[in-house]
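What follows is a set of notes on a single structure, which appears directly below.
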Amino acid sequence: MNKFSPGQISEFQTRLVDWFQKNKRKLPWREKPNWYKTYLSEIMLQQTTVEQGLPYFKKFIDNFPTIIDLANSEEQRILYLWSGLGYYARARNMHKAAKKIRDEFAAEFPRDYKDALSIPGIGPYTAAAILSIAFNKTHAVVDGNVSRVISRIFAISKDIRLSSTQKQITEKAKLLLDPENPGLFNEAMMELGALICTPLKPDCNNCPVNLQCRAQAKNLVNEIPYKSPAKAKKKKFNLVFILRFNNKICLAKRPDTGLLAGMWEFPVKELNAKQFESFGENNLDQNFGIINTGPTVQSPKYRHQYSHIDLTYQAVITDLRDSVVQLSDYYEYKWLNFAELFDYPIHNAHKKILEWLKSLVSG
DNA sequence: AAGGCGGGGCA
DNA sequence: TGCCCAGCCTT
């Protein structure tokens, strides 16, 4: 009852892979595949849906057709093309990775698992995915999709966040893996999780392995996987300054570590909830050391949810009497023409402000 | 082992 | 508005 027999494993593999070959999505990295396309797509699809990553994959393949092109690029160029996709450490690690592959692995992806793990941005999942999909090496992948599929197949109802549960799932993934077609099998597992065995309302009627699914048999599909509740996000409030002087606008670079590292933005002052509600009644000079020459223009309030922060923010357009501003939180900033603002890697919260600014200019 | 790190989408 | 999705890295 607790174990799949060799016959059942073989049947599972056959049914799954047959389903995959008939139902897989047409995706650009699946056309004329090579390891570089696999690598690029796997990095981009970490914590990211296919729909969201698709336009970025096309951009990167167009701009950097080979790993050498990627390695030879500037980091700011990579961040610019990546801006809006999030988790920007991926982009910076990708640049480091490309240089390492170029210099230490003769511009070829290493075939060894430990070597793959030594590359920045490549962990257990990505190493197994690239080695199996691009080189048909026998490594089982465990990503979010696979975790969900396996927890249902084996009716594992323990908290899926626990590392002990992940360990158990990894063992099951190795057990099910088809050693003859590891790449195909891994892709099929992930595609099943993405198309059929979805987090909400899984399409069990069209599942190729529903007869082997213990969650289905026990009518527990909606209870598995169990995930313990997430912590509440911290609420934060930002006042964003559109500082203007001589028809130029100030844009600043965030520090190289932490949230949105290395991305550009309009200078920000973090306020508490009370300050955020009342700043308009105060004098910007007294409160922020900013000397404005006239009335300010306020943007609508925006909300932006990060994985651990619930941010509310609002921009004010402020004309300065001189260009001396106290921006001690930033080590680099520039005064730019309006059009030049669009040439910098700006994170999404401030892209919304830029869009608002654009609507003022054109409207 | 736990927490930091984006952005999109849904009820 | 609250809350879901989730690999890699650092601590």
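In what follows, every heavy atom counts, from backbone to side chain, and hydrogens, waters and symmetry copies are set aside. Lettering follows sequence order; numbering is per chain, from 1.
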### Task
Count the heavy atoms of every other residue, nucleotide or ligand shown that sit under 6.0 Å from NZ of A:K137, and state whether that count exceeds 12.
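Check fails, neighbour count at 12 or below.
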
### Task
Kindly give the heavy-atom pair with the smallest separation between A:Y306 and A:K233, and that separation in Å.
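Reported closest heavy-atom pair: O-NZ, 2.7 Å.
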
### Task
Would you mind building the protein contact string for nucleotides 3-11 of chain B? One character per nucleotide, 5' to 3', B for base within reach (heavy atoms under 4.0 Å), S for sugar-phosphate only, - for untouched.
SSBBBS---

Assign [X] to base, sugar-phosphate, or nothing according to its heavy-atom contacts below 4.0 angstrom with the strands shown.
X      : result
A:P124 : sugar-phosphate
A:R92  : nothing
A:K351 : nothing

### Task
Just say parallel, tilted or perpendicular for the rings of A:Y39 and A:F109, cut-offs at 30° and 60°.
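Tilted, since the angle between the ring planes falls between 30° and 60°.
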
### Task
Look at the rings of A:Y333 and A:W335 and say which category their plane angle falls in: under 30° parallel, 30 to 60° tilted, over 60° perpendicular.
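Taking A:W335 first and then A:Y333, their aromatic rings stand perpendicular (interplane angle over 60°).
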
### Query
Do A:R148 and A:N145 have a side chain donor and acceptor closer than 3.5 Å?
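A donor-acceptor contact under 3.5 Å links the two side chains.
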
### Task
Assess the side chains of A:S118 and A:D115: does a donor N or O sit below 3.5 Å from an acceptor N or O?
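No - no donor-acceptor pair under 3.5 Å links their side chains.
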
### Query
Of A:N93 and A:K235, whose nearest nucleotide on DNA chain C comes first from the 5' end?
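In this pair, the answer is A:K235.
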
### Query
With A:W19, which residues qualify under ring-ring contact (aromatic ring centres under 6.0 Å, His included), at least two apart?
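Per chain and number, A:W19 pairs via ring-ring contact (aromatic ring centres under 6.0 Å, His included) with no residue.
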
#### Entry: Pairwise P distance for C:dC3 and B:dG6, with rounding to whole Å
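Roughly 22 Å separates the two P atoms.
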
### Interface limits on DNA chain C, where chain A has a heavy atom under 4.0 Å of a nucleotide atom
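Range of nucleotides within reach of chain A: C:dT1 to C:dC9.
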
### Message
Checking side-chain contact (heavy atoms from CB on, under 4.5 Å) between A:N238 and each of A:V268, A:L271, A:T312, which is the one that passes?
### Response
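Exactly one candidate clears the test, A:V268.
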
